[in-house]
2 protein chains.
Amino acid sequence: LERFRSLSPAEFFYRNKEIAGFSNPARALYQSIRELVENALDATDSYGILPVIKVSIDSGVIPDKPEVYLISVEDNGIGIPPDNIPQAFAQLLYSSKYVLRQTRGMFGIGVKMAVLYSQITTGKPVEVLSSTINSSRIYMFRLSIDIKSNKPVIHHKASFKKSNDWHGTIVKLFIEGDWNRAKSKVYEYFKRTAIIAPYATIILKDPTDNVVYFKRSTTLMPRPPKEVKPHPHGVDIELLKMLISNTTTTTLKEFLMEEFQGIGEVTSKTIIELLKLDPNKDPKGLSNDEIELLAKVLKEFNNFKPPRPDSLSYLGEEIIKIGLESILKPEFVAANTRKPGVYEGHAFIVEVGLAYGGNIPPSEEPLLLRFANKIPLLYDERSDVSWKVVNQNIDWSLYEVEKPAPLAVLVHICSTKIPYKGVGKESIADVPEIENEIEKGVREVARELKSYIVRKRKEREEVEK
Amino acid sequence: LERFRSLSPAEFFYRNKEIAGFSNPARALYQSIRELVENALDATDSYGILPVIKVSIDSGVIPDKPEVYLISVEDNGIGIPPDNIPQAFAQLLYSSKYVLRQTRGMFGIGVKMAVLYSQITTGKPVEVLSSTINSSRIYMFRLSIDIKSNKPVIHHKASFKKSNDWHGTIVKLFIEGDWNRAKSKVYEYFKRTAIIAPYATIILKDPTDNVVYFKRSTTLMPRPPKEVKPHPHGVDIELLKMLISNTTTTTLKEFLMEEFQGIGEVTSKTIIELLKLDPNKDPKGLSNDEIELLAKVLKEFNNFKPPRPDSLSYLGEEIIKIGLESILKPEFVAANTRKPGVYEGHAFIVEVGLAYGGNIPPSEEPLLLRFANKIPLLYDERSDVSWKVVNQNIDWSLYEVEKPAPLAVLVHICSTKIPYKGVGKESIADVPEIENEIEKGVREVARELKSYIVRKRKEREEVEK
Ligand SMILES: Nc1ncnc2c1ncn2[C@@H]1O[C@H](COP(=O)(O)OP(=O)(O)OP(=O)(O)O)[C@@H](O)[C@H]1O
Ligand SMILES: Nc1ncnc2c1ncn2[C@@H]1O[C@H](COP(=O)(O)OP(=O)(O)OP(=O)(O)O)[C@@H](O)[C@H]1O
Ligand SMILES: [Mg+2]
Ligand SMILES: [Mg+2]
């Protein structure tokens with residue numbers, strides 16, 4: 001006889017933590033550090049604050065448990081209001097990033113997985129200190145997750161008056177990890193973060209007390225991405241029902257103009273006429289059949305303005321070239337930032353960079369540096385759409401590249417929704433619109449490389465005469 | 001200012017459906033079919049019932065929507081009690097498989113994703129008919145998911161008296177799909193299911209009304225897997241707390257013997273002495289520090305019996321060879337079923353098969369046939385642990401195999417918990433214990449291939465003299 005039961009989201013992710021990247025102690029240590037750092041960067045650069053992030057990893061913090069590390073991450077970001085702190089850190093599927101704007105976070109799972117893993121391997125609560133920009137107080141919480149109910153357990157809370165105008169967040173948690181196995185990936189993660197967020201200053205102290213100061217190389221920050229309304233091409237029956245039930249508009253004409261981007265008054269009227277509906281009808285009065293038809297028409301209509309790219313924040317070709325030069329010391333660099341594209345109503349921008357020669361060691365496959373919404377992706381390379389493009393769609397010999405070659409390719413995808421293959425954010429699905437843009441971008445920089453190689457070869461031949 | 005909100009599990013999977021394999025219409029059609037078929041197979045072979053499964057895919061079922069298909073899957077399984085049907089089909093994270101026993105299902109998500117996708121692309125409810133073995137009635141429901149609350153919406157329900165002793169389940173749902181793009185993968189899925197479950201009869205009618213009758217090739221069924229208790233090596237602080245809060249035992253000595261497998265009376269006393277605790281203490285009276293210490297001792301103690309493999313159901317070398325012969329028509333086959341292993345307290349068995357020559361077309365990489373708990377895995381091959389072993393850990397030239405080679409390798413992993421990388425069940429994480437067993441199994445059958453190749457070469461040389 002089958003025994004039926006339901007799981008809370010916390011129980012589900014507790015039982016299936018490898019799906020979130022927590023598959024072994026080394027991987028868990030890496031994932032915990034990156035989840036905290038990505039939250040810290042979101043809390044700063046989404047608000048035009050030049051990030052200063054202090055990461056400290058201590059070992060030997062628990063007498064007879066050498067494999068337990070204390071991870072501490074401090075940022076100068078916007079902080080978290082005290083009423084939101086317990087759920088933000090101890091309730092799965094709770095987030096401030098469930099909106100249409102480019103951020104690193106998107107699932108409402110990241111920090112909770114670190115807290116969960118900490119709890120099950122060490123039994124210790126997470127400690128959070130935070131103060132928002134206009135607040136006069138700093139709030140402190142020690143929290144753990146009640147797994148069965150997916151609710152926070154507050155072990156301790158306190159607040160004290162601020163003596164200066166510090167704002168930001170400090171997160172401390174104990175994690176069973178494996179620094180020796182995680183070390184090279186952790187360092188690689190910070191090095192690549194320095195490429196993709198050159199305006200961020202990050203100070204990293206590792207368990208051997210080695211301190212690395214990733215000093216910002218620029219104070220120029222891209223403008224923060226704006227929150228936008230859904231684009232009608234991203235609509236489906238359920239989204240439409242949710243928009244209708246939440247809307248404060250009272251006519252269909254207003255509803256279309258208000259709840260979507262890209263629909264002006266003329267377009268709104270056109271759509272409504274196509275459906276033979278009354279523009280003054282209350283959207284909450286639409287029948288299921290009418291909603292279904294409206295979804296179909298919105299998806300297929302071809303005259304909307306394309307999705308607004310101000311929900312996105314890309315790097316630009318200059319920053320990409322500077323970043324590649326600083327870490328790879330190549331003899332040649334090229335970059336291509338593509339025009340905005342759309343998939344399922346989400347705007348996206350693909351950026352590609354290429355570096356060749358110099359200090360890059362020759363290899364059979366190009367060194368692939370993948371990024372999504374300014375997050376470095378280091379694992380699951382071979383199931384990522386960029387790997388497929390760079391190693392399967394492109395024939396490098398057509399660009400005068402002989403293997404093994406001293407070649408590196410950077411791919412950065414920005415979107416209001418990155419189509420990750422998993423909640424651990426390591427590889428990206430091969431959505432056709434995105435794959436096409438990556439390929440075009442790679443061919444663009446590959447052509448520039450070809451001109452360079454051909455020119456260099458001619459110069460050598462001249463010299464040899 | 002950041003806007004915080006929480007999502008229900010249904011909202012989360014609605015927003016992130018590509019994480020469950022629903023990334024485009026072709027993939028969604030494939031995934032919906034397989035989720036229903038995997039449920040049908042679990043409902044039969046877990047109970048010793050010879051499966052008869054009828055799969056019907058109809059197109060043109062909605063007048064102006066050629067891309068909408070009606071999928072219908074009928075099985076002769078144990079059926080679902082009427083009280084459980086609404087939640088089983090319309091509440092995310094609801095399942096009867098959250099127990100320690102080998103089944104295809106494990107997440108409590110599969111059929112709900114198909115229902116969700118059906119709902120958002122067609123607005124139509126799922127229809128379920130079911131009757132359990134001893135019931136005199138068949139129950140019918142039409143259901144959809146209230147996404148905001150993650151609760152079923154019952155559009156219609158009915159029941160009627162059974163006129164015969166039919167038992168089983170029929171699921172019907174409308175899906176927006178792409179049969180042309182999905183077709184080859186769908187057929188491949190059924191062909192491989194025929195290898196791994198040769199006792200199952202499956203009748204498939206596709207949208208062109210082509211009917212394929214996968215007739216069972218044997219009535220021999222492996223004994224159904226048994227549900228087991230957790231093994232102490234799989235313990236962590238939270239699992240221990242849950243077992244303690246649910247236990248009906250009243251002494252620590254009983255608790256250890258009752259709630260775990262592999263702990264007899266002597267071992268229970270030994271563990272308790274190591275902890276300097278009183279064997280008659282009520283487990284519910286343990287302090288957090290005592291629980292933490294107990295978890296540590298249980299994880300590190302080396303004298304438990306290994307996990308019981310009767311929670312598993314593997315194929316065996318005969319069935320693997322028969323399966324490979326029937327679909328590949330090779331000149332040589334070999335198979336190796338490994339002894340049970342353990343990872344994180346879960347028992348697992350790895351089985352490897354190899355086929356060479358005959359009708360197998362030569363290729364650079366071996367044709368890789370992956371299975372987990374009798375499910376064929378067709379996507380994300382290159383991020384799977386088996387691909388890594390077969391293409392990176394093994395040097396085939398050491399086994400007299402010259403590339404391109406007419407070579408196929410089958411890997412089947414059985415476990416009470418398959419470490420999938422994602423909830424779409426397509427690739428498996430490289431857990432070291434499992435990777436080692438796969439490698440040993442592949443080397444075993446590769447050695448047999450080498451002997452065969454060498455022997456054949458000698459025979460040819462004899463003939464040529
Ligand atoms: N350092 C921080 N500064 C400000 N807010 C933070 C910080 N860390 C976490 N938060 C808040 O807590 C919320 C939950 O964080 P969490 O990492 O679990 O989810 P997320 O970042 O929204 O999504 P993801 O699961 O993709 O990381 C965030 O949305 C943010 O509002
Ligand atoms: N054809 C069927 N016959 C009997 N029971 C079924 C059938 N289909 C679904 N069920 C029941 O409904 C439950 C939910 O199915 P669902 O596919 O959502 O989850 P699961 O199979 O348990 O796990 P997974 O997400 O890994 O597939 C199953 O656990 C099973 O109890
Ligand atoms: Mg986060
Ligand atoms: Mg299932």
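Order of the sequence lines sets the chain letters (A, B, ...), proteins ahead of strands, with each chain counted from 1. Below, all heavy atoms of this structure are taken into account, side chains as well, without hydrogens, waters or symmetry copies. Please read these numbers as outputs of a predicted model, since none were measured by experiment.
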- Item | B:Tyr117 side chain to A:Asp236 side chain, donor-acceptor N/O pair below 3.5 angstrom |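 No, A:Asp236 and B:Tyr117 have no side-chain donor paired with an acceptor closer than 3.5 Å.
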- Item | Euclidean distance, A:Leu293 CG relative to B:Asp64 CG, rounded to 0.5 Å |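 Those atoms lie 8.0 Å apart.
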- Item | Rounded distance [0.5 Å steps], CD1 in B:Ile237 versus OG in A:Ser118 |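 B:Ile237 atom CD1 to A:Ser118 atom OG measures 9.0 Å (nearest 0.5 Å).
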Taking C-beta and beyond as the side chain, do [X] and [Y] meet within less than 4.5 Å on heavy atoms?
X	Y	value
B:Glu18	A:Lys421	no
A:Lys97	B:Phe4	no
A:Phe107	B:Arg15	no
A:Met106	B:Asn16	yes
A:Arg382	B:Trp387	yes
A:Ile145	B:Glu238	no

- Interchain contact, B:Lys148 with chain A, by part (heavy-atom threshold 4.5 Å):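 Contact with chain A is absent: no heavy atom of B:Lys148 under 4.5 Å.
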- Examine whether an atom of B:Ser427 lies under 4.5 Å from a heavy atom of chain A, and if so say whether it belongs to the side chain, the backbone or both; otherwise answer neither.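 Neither part.
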Using non-hydrogen atoms only, which part of [X] is less than 4.5 Å away from chain B: side chain, backbone, both, or neither?
X	answer
A:Lys417	side chain
A:Phe12	side chain
A:Ser245	neither
A:Arg27	neither
A:Leu7	both
A:Ser8	backbone
A:Thr132	neither

Only pairs of heavy atoms separated by less than 4.5 Å count here; which of [options] has the most with chain B?
options	value
A:Asp289, A:Thr122, A:Ile109	A:Thr122
A:Gly123, A:Ser95, A:Pro9	A:Ser95
A:Leu239, A:Val431, A:Ile291	A:Leu239
A:Leu116, A:Asp430, A:Ile133, A:Asp380	A:Asp380
A:Gln392, A:Lys241, A:Glu426, A:Glu381	A:Gln392

Answer yes when [X] and [Y] have at least one side-chain N-carboxylate O distance shorter than 4.0 Å, and no when they do not.
X	Y	value
B:Glu292	A:Lys65	yes
B:Arg3	A:Glu227	yes
A:Arg101	B:Glu2	yes

- Query: So, for B:Ile19 and A:Val423, which heavy atoms are closest and what is the spacing to 0.1 Å?
  - Reply: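 Minimum heavy-atom contact is CD1-CG1, 3.6 Å.
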- Task: Mark yes when over 12 heavy atoms from residues, nucleotides or ligands other than B:Arg181 sit less than 6.0 Å from its CZ; otherwise mark no.
- Result: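 Counting neighbours around CZ of B:Arg181, 12 or fewer heavy atoms of other residues, nucleotides or ligands fall under 6.0 Å, so no.
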- Message: Taking CG in B:Asn134 as the centre, count heavy atoms belonging to other residues, nucleotides or ligands within less than 6.0 Å. Is the count above 12?
- Response: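 Result for CG/B:Asn134: open.
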- Task: Taking ring-ring contact (aromatic ring centres under 6.0 Å, His included) as the test, write out the residues that go with A:Tyr379, two or more places apart.
- Result: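 ring-ring contact (aromatic ring centres under 6.0 Å, His included) check on A:Tyr379 returns A:Tyr30.
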Quiz: residues 78-94 of chain A side-chain donor-acceptor pairs under 3.5 angstrom, not counting sequence neighbours:
from    : atom 1 : to      : atom 2 : distance (Å)
A:Asn84 : ND2    : A:Tyr94 : OH     : 3.0
A:Gln87 : NE2    : A:Gln91 : OE1    : 3.2

- Task: Flag the one option from B:Asn24, B:Ile147, B:Asn150, B:Asn288 with the top tally of heavy-atom pairs under 4.5 Å to chain A.
- Result: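 Option with the greatest count: B:Ile147.
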- Among B:Gln119, B:Lys299, B:Glu11, B:Glu344, residue most engaged with chain A (heavy-atom pairs, under 4.5 Å):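 Greatest number of close heavy-atom pairs with chain A: B:Gln119.
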